[in-house]
Amino acid sequence: MNCFKVNDIYDYLEGILSPERREEIEGHLALCPGCRQAVEDRKLIAGAASSLAPLAVPDAFTDRVMARIAPVKVKNQAWLIVLASASSLLALTAMFMIASRSSALGILLSAGRSFWEYFKSAAVLTAKVSTLLTLAGKTLRPLLEAAYKGLSVLTSFIHPGLQVLILVLAIGLVVSLFFGMRKKFSLGD
Amino acid sequence: MNEEQDQVLVRRTLRGDRKAFEMIVRKYQQPLLNYVGRMVGEREVALDFTQDVFIRAYTSLRSFDPRFKFSTWLFRIASNLIIDHWRKKKLPTFSLSEPLGQDGDRLTLDVPDDEPAVGRKFELAELRQRIEAALERLPGPLRELFVWRHVNELSYEEMAEIKGLPLGTIKNRVFQAKEMVRRILQEMS
């Protein structure tokens, strides 16, 4: 055969030739010193290129990458949660029925009785709280009236423009306090 | 690069396991830096780019199609980042599917009778140094293929998958990259 092309050398070195073609090339290499040298030269360069030194990765590299990434948002499978809750509730009811050896109607009746007891207790509590609030109102009313009268007397002495200024300053103070607290306690975005 | 293990790590990361992504970073930081470092030259820039590759991979992990290899997906992200970098810096680049022109066509000639041997002129360490210097003179898209083939030891199929080009085109371009490196080495000696 004639001397082969350069890409044949690379295919030969890569070992991607058919056995017949490989045999043909090896036969030629045994007879042609020029092609032998061409193959040897490219083999040496390929060997050196495949053993180039790795570039040094800093020790803290992984930590630096991990510090820059936020946690992945896991998909919220709401239907799965509902299904799990319903199954758990059913299983609990079944277990309770088996343990107490009572029928579904019996359980419903006892649940209704318990609910009625809770309702009665809540009604008594609400009545007591409303009585307490009425008493507090009666006690605080004279104090609030006195404060209102005091404020009326005070405003009659201060110029209306100054009153507006004080009001604006007070609102500003309340708003900045609110945002300051919000930031301090990170109350949501 | 154990593909099955990668797929498991990807699934775990998507379930919110940060440790799994950390394992991915540890596994690929060295091969990616070896590639990126030779593409951008400066070490600090290369480290930043490699970090960006992992962050992009993490933020778009849901778009990863498990029918493909994770390693090729990662290298594609890196390659796209580098092409963007070249474009921003207005560095010369070209599509691998376009012909190289007269310069590249000359590389497919027969082996010349009086071809000087380059590889044997130098000790292995010096040859490696000269290859690194020759790579800097190699056009970016060909340098990329040379590094993938020799440093990252990617297969032609993997390279074709990353670049989205036919296998034959990739094989031809890798051969041209190798022959061009050899020619630069010849000019340097």
Side-chain angles (χ1 to χ4, degrees), chain A residues 1-18 21 25 28-29 31-77 80, chain B residues 13-18 21-22 25-26 29-31 33-34 36-38 43 46-47 50-51 54-55 58-59 61-62 107-120 122 124-128 130-132 135 146-147 149-151 153 156 171-172 174-176 178-179 181-182 185:
Chain A
M1 70 172 273
N2 295 322
C3 289
F4 39 78
K5 289 187 185 297
V6 178
N7 52 339
D8 286 328
I9 298 178
Y10 286 112
D11 287 349
Y12 172 71
L13 289 175
E14 293 266 356
I16 53 173
L17 291 172
S18 64
R21 181 77 180 131
I25 282 182
H28 176 75
L29 284 176
L31 301 169
C32 179
C35 284
R36 224 169 28 241
Q37 184 190 294
V39 170
E40 265 317 299
D41 198 42
R42 282 163 182 83
K43 197 175 175 180
L44 273 172
I45 294 169
S50 299
S51 58
L52 292 178
L55 306 181
V57 180
D59 292 339
F61 183 83
T62 316
D63 295 337
R64 258 167 35 198
V65 174
M66 294 310 291
R68 278 183 62 189
I69 58 170
V72 166
K73 280 182 184 168
V74 180
K75 273 187 179 172
N76 189 11
Q77 290 168 318
L80 210 66
Chain B
T13 305
L14 286 173
R15 286 199 298 265
D17 183 351
R18 279 167 68 91
F21 192 74
E22 195 180 317
V25 176
R26 285 192 196 282
Q29 59 191 18
Q30 184 68 73
L33 185 65
N34 286 343
V36 175
R38 286 173 175 101
R43 182 179 155 76
L47 284 168
T50 311
Q51 264 195 52
F54 285 118
I55 286 153
Y58 187 80
T59 50
L61 203 57
R62 289 202 190 284
L107 298 170
T108 54
L109 295 175
D110 296 328
V111 180
D113 291 337
D114 55 346
E115 187 186 70
V118 180
R120 246 183 291 170
F122 313 105
L124 185 61
E126 198 187 342
L127 186 57
R128 284 186 192 131
R130 281 175 182 259
I131 290 170
E132 295 277 18
L135 281 177
F146 188 93
V147 171
R149 186 73 195 121
H150 286 292
V151 180
E153 296 177 339
Y156 289 116
K171 275 184 182 171
N172 196 34
V174 173
F175 145 68
Q176 285 172 331
K178 287 175 179 182
E179 204 49 19
V181 166
R182 197 192 164 279
L185 288 173

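All values derive from a computational prediction rather than experimental measurement. Chain letters run A, B, ... following the sequence lines, proteins first, then strands; residues in each count from 1.
B:Leu33 and A:Ala56 make their closest contact through CD2-O, 3.5 Å (heavy atoms, listed as atom of the first residue, atom of the second, distance). Here the closest non-hydrogen pair linking B:Leu47 and A:Phe61 is O-CE1, 3.7 Å. Here the shortest heavy-atom pairing between B:Arg26 and A:Thr62 reads NH1-OG1, 3.4 Å. Taking both residues in full, the closest heavy atoms of A:Val6 and B:Phe175 are given as CG1-CE1, 3.6 Å, listed atom of the first, atom of the second, then distance.
Both the backbone and the side chain of A:Ala46 come within less than 4.5 Å of a heavy atom in chain B. At a 4.5 Å heavy-atom cutoff, the contact between B:Thr50 and chain A is made by backbone and side-chain atoms alike. Proximity to chain A (any heavy atom under 4.5 Å) is shown, for B:Arg38, by both the backbone and the side chain.
Using a 4.5 Å heavy-atom cutoff, the side chains of A:Ile45 and B:Lys178 are not in contact. Annotation: side chain of B:Lys171 is not in contact with side chain of A:Tyr10 (no heavy-atom distance under 4.5 Å). A heavy-atom distance below 4.5 Å is found between the side chains of A:Glu14 and B:Tyr156. Between A:Ile69 and B:Phe54, every side-chain heavy-atom pair lies at or beyond the 4.5 Å cut-off. In this structure, A:Pro58 and B:Gln29 have side chains that are not in contact, with every pair of non-hydrogen atoms separated by 4.5 Å or more.
Applying the salt bridge (Lys or Arg N to Asp or Glu O under 4.0 Å) test to pairs two or more places apart or on separate chains, those with a residue in residues 52-69 of chain A are A:Arg68-B:Asp52.
Of the listed residues (B:Val147, B:Leu135, B:Val118), the one with the most heavy-atom contacts under 4.5 Å to chain A is B:Val118. Note: B:Val25 leads B:Val25, B:Val174, B:Leu124 in heavy-atom pairs under 4.5 Å with chain A. In terms of non-hydrogen atom pairs under 4.5 Å with chain B, the most contact-rich of A:Val57, A:Asp8, A:Asp11, A:Ile16 is A:Val57.
In this structure, the side chain to side chain contact (heavy atoms under 4.5 Å, CB included) partners of B:Leu127, at least two apart in sequence or on a different chain, are A:Ala48, B:Phe122, B:Ile131, B:Leu185.
Between the side chain of B:Arg128 and the main chain of A:Ala53, no donor-acceptor pair closer than 3.5 Å is present. Looking at B:Asn34, its side chain never comes within 3.5 Å of a backbone N or O of A:Pro54 through a donor-acceptor pair. One N or O on the side chain of B:Arg18 and one on the backbone of A:Met66 form a donor-acceptor pair closer than 3.5 Å.
The CZ atom of B:Arg149 sits 8.0 Å away from the OG atom of A:Ser50 when rounded to the nearest 0.5 Å.
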Take B:Arg182 and A:Asp41 through the side chain to side chain contact (heavy atoms under 4.5 Å, CB included) test and state the conclusion after the steps. CA-CA 9 Å; B:Arg182 197 192 164 279; A:Asp41 198 42; 2.8 Å; yes
